[in-house]
Amino acid sequence: MSNNSSKILTYTGKLISPVDPDPNEIDIVDIAHALSMMCRFGGHSNEFYSVAQHSYLCSLLTEDLNLAIVLLLHDASEAYIHDIITPLKPYISSYKDIENTVMQRIFEKFDLKWPLSDEYKKKVKDIDNIMLLTEFKNFMSKIPDDCEIAKHYKPLDLEINANSPEIAKINFISRFKELVKRQ
């Protein structure tokens with residue numbers, strides 16, 4: 001295990017390795033808090049809209065309880081390693097490996113299967129992309145003209161009101177507890 005200088009201090013006071021976290025140190029409150037404080041679109045939206053609210057809304061777009069919890073947690077690694085904007089990710093060679101390890105530990109913590117099956121990967125990608133386009137309509141000036149995703153998906157006819165970080169965190173934790181209880 002790494003020394004304390006290579007760990008981060010979480011909201012709940014835990015020291016955790018961001019590259020190889022101990023599943024016992026992973027906490028849904030830390031995940032919800034951190035994601036509620038992170039703005040989508042690298043902060044370039046017209047108002048603050050959190051990753052926690054995005055994940056929460058994604059989880060509401062399916063009746064499948066297992067898929068709903070996967071959707072709620074699909075960006076959970078960002079709580080420990082933050083996010084890199086999509087166009088930059090291919091240039092940072094080990095980011096995807098680190099992200100995969102963190103997701104594996106998070107899913108282990110919550111007794112979920114990792115890696116996702118191809119079917120679940122596709123469902124998560126589809127819902128995430130639909131929500132992305134919906135969020136573009138709500139929080140950006142426009143859907144970019146060269147947006148490849150817009151050629152394959154359509155945004156929902158949904159008006160999203162951005163929640164405060166506190167409300168986004170509460171909704172995320174409540175949704176997590178609801179889904180775990182129903183499984």
Side-chain angles (χ1 to χ4, degrees), residues 1-45 48-59 66-117 120-121 123-125 127-129 131-132 135 162-180 183:
M1 199 57 149
S2 49
N3 65 34
N4 286 347
S5 66
S6 61
K7 294 184 177 186
I8 60 169
L9 180 63
T10 68
Y11 172 73
T12 62
K14 295 174 182 69
L15 283 173
I16 191 164
S17 166
V19 294
D20 191 15
D22 178 346
N24 296 317
E25 296 297 318
I26 292 169
D27 191 313
I28 197 65
V29 173
D30 285 330
I31 292 170
H33 180 80
L35 297 183
S36 75
M37 301 296 280
M38 292 176 191
C39 190
R40 294 273 289 158
F41 302 107
H44 291 280
S45 53
F48 181 84
Y49 173 66
S50 73
V51 174
Q53 186 174 358
H54 160 79
S55 298
Y56 169 79
L57 291 174
C58 285
S59 80
N66 291 325
L67 181 58
I69 198 161
V70 167
L71 285 160
L72 185 68
L73 296 175
H74 80 278
D75 287 330
S77 63
E78 295 174 21
Y80 300 105
I81 61 172
H82 218 285
D83 193 18
I84 305 294
I85 56 174
T86 301
L88 191 56
K89 285 181 183 177
Y91 299 98
I92 303 174
S93 60
S94 31
Y95 180 83
K96 283 305 245 181
D97 292 336
I98 294 168
E99 181 181 44
N100 187 59
T101 298
V102 174
M103 288 300 287
Q104 180 180 351
R105 301 300 186 272
I106 290 168
F107 274 53
E108 180 181 332
K109 165 69 177 190
F110 300 119
D111 295 321
L112 300 168
K113 187 178 183 290
W114 189 265
L116 298 177
S117 68
Y120 263 48
K121 282 180 192 173
K123 288 179 179 181
V124 169
K125 179 182 176 184
I127 291 172
D128 196 31
N129 284 333
M131 187 55 66
L132 173 68
E135 293 162 347
N163 294 142
S164 68
E166 181 178 293
I167 298 299
K169 176 179 162 181
I170 289 167
N171 287 344
F172 188 99
I173 293 169
S174 295
R175 182 72 171 150
F176 177 81
K177 287 179 180 178
E178 171 197 347
L179 291 169
V180 168
Q183 278 189 325

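The neighbour count for E166 CD, taken as heavy atoms of other residues, nucleotides or ligands under 6.0 Å away, does not exceed 12. Annotation: K113, atom NZ; neighbour count of heavy atoms from other residues, nucleotides and ligands within 6.0 Å is above 12.
Using a 4.0 Å cut-off between a side-chain N of Lys or Arg and a carboxylate O of Asp or Glu, E178 and R175 qualify as a salt bridge. The pair D83-K89 meets the salt-bridge criterion, with a side-chain N (NZ, NE, NH1 or NH2) lying under 4.0 Å from an Asp/Glu carboxylate O.
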Would you please test K109 and D27 for side chain to side chain contact (heavy atoms under 4.5 Å, CB included) and show each step? CA-CA 9 Å; K109 165 69 177 190; D27 191 313; over 6 Å; no
Checking side chain to side chain contact (heavy atoms under 4.5 Å, CB included) for the pair H54/D128: CA distance, chi angles, key distance, verdict? CA-CA 9 Å; H54 160 79; D128 196 31; 2.8 Å; yes
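Shown here are the ring pair (Phe, Tyr, Trp, His ring centres under 6.0 Å) partners of Y80, two or more places apart in sequence or in another chain: there are none. Checked against side-chain contact (heavy atoms from CB on, under 4.5 Å), A52 has the following partners two or more places apart in sequence or in another chain: L35, S36, S50, A168, F172. In this structure, Y120 has no ring pair (Phe, Tyr, Trp, His ring centres under 6.0 Å) partners at least two apart in sequence or on a different chain. Residues satisfying the side-chain contact (heavy atoms from CB on, under 4.5 Å) test with A34, not counting sequence neighbours, are M38, A79. Partners of F110 under the ring pair (Phe, Tyr, Trp, His ring centres under 6.0 Å) rule, at least two apart in sequence or in another chain, are F176. By the ring pair (Phe, Tyr, Trp, His ring centres under 6.0 Å) test, F41 is found to be paired with F136, residues two or more places apart in sequence or in another chain being considered.
Counting only heavy atoms from C-beta outward, the side chains of L67 and L71 approach each other to under 4.5 Å. For the pair F107 and L116, the minimum side-chain heavy-atom distance is below 4.5 Å. With contacts defined as side-chain heavy-atom distances shorter than 4.5 Å, the pair L112/Q183 qualifies. Contact annotation: the side chain of V102 never approaches that of P18 to less than 4.5 Å [non-hydrogen atoms, C-beta and beyond].
Taking CD1 from I28 and CD1 from I31, the interatomic distance works out to 4.5 Å, rounded to the nearest 0.5 Å. Rounding to the nearest 0.5 Å gives a distance of 8.0 Å between CG of L73 and OG of S55. Between atom CD1 of residue I98 and atom CG of residue D20 there is a gap of 10.0 Å, rounded to the nearest 0.5 Å. Residue I26 holds its CD1 atom at 8.0 Å from CZ of R105, rounded to the nearest 0.5 Å. Taking OG of S6 as the reference point, atom CD1 of I16 lies at 12.0 Å (rounded to 0.5 Å). Interatomic distance, CE of M103 versus NE2 of H74, reported as 8.5 Å (0.5 Å rounding).
Put simply, the side chain of N100 never gets that close to the backbone of K96: no donor and acceptor are under 3.5 Å apart.
Nearest heavy-atom pair, N66 versus I69, reported as atom, atom and distance to 0.1 Å: O-CG2, 3.2 Å. The two atoms that bring L57 and M131 nearest to each other are CB-CE, 3.8 Å, heavy atoms only.
T12 and D30 share a side-chain donor-acceptor pair at under 3.5 Å. Of the N and O atoms on the side chains of Q53 and N171, not one donor lies less than 3.5 Å from an acceptor on the other residue.
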